[in-house]
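Working notes, beginning with the structure itself.
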Amino acid sequence: MDADVIVVGGAVVGAALAYGCAKQGQEVIVLDGHDQDMRAARANFGLVWVQGKGSNAPAYHQLSRQSADLWPGFLRELTETIGMQVDYSRPGGMIYCLSEAEYETREALNKRTHNYVPRNDTRMVDRRELERMMPAVGFGPEVVGASYCEADGHVNPLQLLAALQRGIVAAGGKMLFRNTVESIEPGPRGFTVKAALGTYAAPRVVVAAGLATPALTDPIGFKIPLRSERGQLLVTERLQPFLPYPGSGLRQTADGTVMIGATKEDATDRGVTVASATTLALRATRIIPALASAQLVRQWSGFRVMPPDGCPIYAESAAHPGLFAAACHSGVTLAAVHAAIVAPAMLEGRLSTDLAAFSNGRFDVQKCA
Ligand SMILES: Cc1cc2nc3c(=O)[nH]c(=O)nc-3n(C[C@H](O)[C@H](O)[C@H](O)COP(=O)(O)OP(=O)(O)OC[C@H]3O[C@@H](n4cnc5c(N)ncnc54)[C@H](O)[C@@H]3O)c2cc1C
């Protein structure tokens with residue numbers, strides 16, 4: 001055996017799980033793919049977000065909230081170990097409403113999720129209160145208010161990824177980049193993982209390869225259904241700090257740039273379009289008209305890792321115990337629970353009890369019927 005655990009995929013989900021396993025004293029090897037791979041971890045918006053998550057799925061809402069609550073301690077421990085700064089803050093977050101209808105829809109959605117948690121920290125704020133909370137922002141005339149949740153925050157996702165990868169090494173694990181896994185073969189004593197640069201063996205394998213996960217697990221009968229969803233984002237030049245709260249679709253980063261996003265598109269190519277840039281810029285300037293004079297410096301697209309119902313999948317193969325898969329949207333938000341809750345549950349055989357709501361069995365129509 002080369003390790004106690006092999007993690008396939010070293011982006012934000014695989015790295016958080018590997019970090020969690022290494023912190024439990026496990027010998028961990030992470031096999032990551034190529035620079036050109038789809039990597040949502042390098043293309044995302046950087047929200048550590050609770051409101052609106054799992055509005056029809058209480059377990060997912062609660063998991064997102066648990067992760068957001070664990071985030072400050074998780075990041076402190078990670079960054080103290082490696083001596084690296086990661087820009088993160090949790091001032092609460094806004095979802096802006098540009099009409100009475102949007103305001104009412106959001107209010108109704110909040111009422112539903114209030115029932116999922118003991119603590120009610122999401123509320124509607126009207127325009128007057130919004131102006132009081134953000135005096136330096138000149139809101140457009142259409143802004144009627146926002147939904148504000150104290151639990152929301154934001155992070156620099158590129159720094160987070162780098163910190164997690166360093167954290168794995170600091171905890172004794174190995175990160176092997178440009179080492180694409182070709183196959184996983186179950187055997188009597190564990191698994192043989194064939195990769196571009198070598199063959200590795202371990203009693204446990206966690207597949208967290210984003211959208212490439214099904215291609216590795218399906219051939220051995222471990223079905224992980226996923227679809228991709230393209231999202232495009234814009235970023236402006238650096239501006240003086242003026243936006244103290246991150247918002248869904250609009251946030252100012254610690255270095256002053258304003259991120260505007262993200263579209264939801266059923267498209268498979270990696271390009272960007274003028275149409276999406278226009279849609280994003282129009283909504284942003286309806287919220288904050290002054291943004292019309294900011295220079296855009298970059299536009300990019302990324303692909304969301306989407307399970308069919310939008311909730312995470314944490315699963316262990318019934319046919320090959322010790323083989324796990326983890327796939328989700330919101331891997332930034334969930335990084336803290338991945339390290340602190342999901343990784344130990346995998347190691348201790350508690351996935352099917354503690355995190356049963358997230359099993360891939362929920363997509364098995366015959367079993368459910
Ligand atoms: C536009 C957009 C905005 C988003 N905004 C947010 C947000 O604000 N907050 C939030 O929480 N989440 C957000 N997300 C979601 C978040 O980025 C993803 O949930 C997360 O990146 C998924 O991480 P992952 O590690 O599963 O997959 P990815 O980041 O896609 O990485 C997959 C990894 O697997 C590796 N790999 C693939 N195949 C193999 C193989 N055969 N062998 C070895 N390695 C392999 C790749 O090299 C890569 O490193 C957003 C996503 C997008 C696209």
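Given the structure is predicted, the values throughout are model-derived calculations rather than measurements.
Atom CZ of Arg238 has 12 or fewer neighbouring heavy atoms from other residues, nucleotides or ligands inside a 6.0 Å radius. Within a 6.0 Å radius of CD in Gln240, other residues, nucleotides and ligands contribute 12 heavy atoms or fewer.
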Arg39 and Asp32: CA distance, side-chain angles, deciding distance, side chain to side chain contact (heavy atoms under 4.5 Å, CB included) verdict:
CA-CA 11 Å; Arg39 197 172 273 114; Asp32 195 35; 3.3 Å; yes
Are Tyr96 and Tyr103 close enough, and set up right, to give a side chain to side chain contact (heavy atoms under 4.5 Å, CB included), and what steps lead you there?
CA-CA 8 Å; Tyr96 299 102; Tyr103 192 90; over 6 Å; no
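Ion pairing of Asp4 with Arg204 is absent here, as no side-chain N (NZ or NE/NH1/NH2) approaches a carboxylate O to less than 4.0 Å. At a threshold of 4.0 Å, the pair Glu265-Arg270 does not count as salt-bridged, since none of the basic side-chain nitrogens sits closer than that to a carboxylate oxygen. Taking 4.0 Å as the cut-off between side-chain N and carboxylate O, Glu77 and Lys23 count as a salt-bridged pair. A salt bridge links Glu129 to Arg132: at least one charged side-chain nitrogen sits closer than 4.0 Å to a carboxylate oxygen. Taking 4.0 Å as the cut-off between side-chain N and carboxylate O, Asp266 and Arg227 do not count as a salt-bridged pair. Residues Asp121 and Arg65 are paired through a salt bridge, judged by an N-O separation under 4.0 Å between the basic side chain and the carboxylate. Classification of Glu80 and Arg76 as a salt-bridged pair fails, no side-chain N sitting under 4.0 Å from a carboxylate O. In this structure, Glu182 does not pair ionically with Lys194, as no charged nitrogen and carboxylate oxygen lie closer than 4.0 Å. The existence of a salt bridge linking Arg90 and Asp69 is confirmed by a sub-4.0 Å separation between a basic side-chain nitrogen and an acidic carboxylate oxygen.
Between Ser147 and the options Glu107, Arg106, Gln51, a side-chain hydrogen bond (donor to acceptor under 3.5 Å, both in side chains) holds for only Gln51.
No side-chain donor-acceptor contact under 3.5 Å links Glu237 and Thr257. A side-chain donor from one of His154 and Ser89 sits under 3.5 Å from a side-chain acceptor of the other. If you check the side chains of Ser276 and Thr273, you find a donor sitting under 3.5 Å from an acceptor. Side chains of Thr217 and Lys223: no donor on one and acceptor on the other come within 3.5 Å. Judged purely by distance below 3.5 Å, without hydrogens or angles, the side chains of Tyr19 and His338 never pair a donor atom with an acceptor atom.
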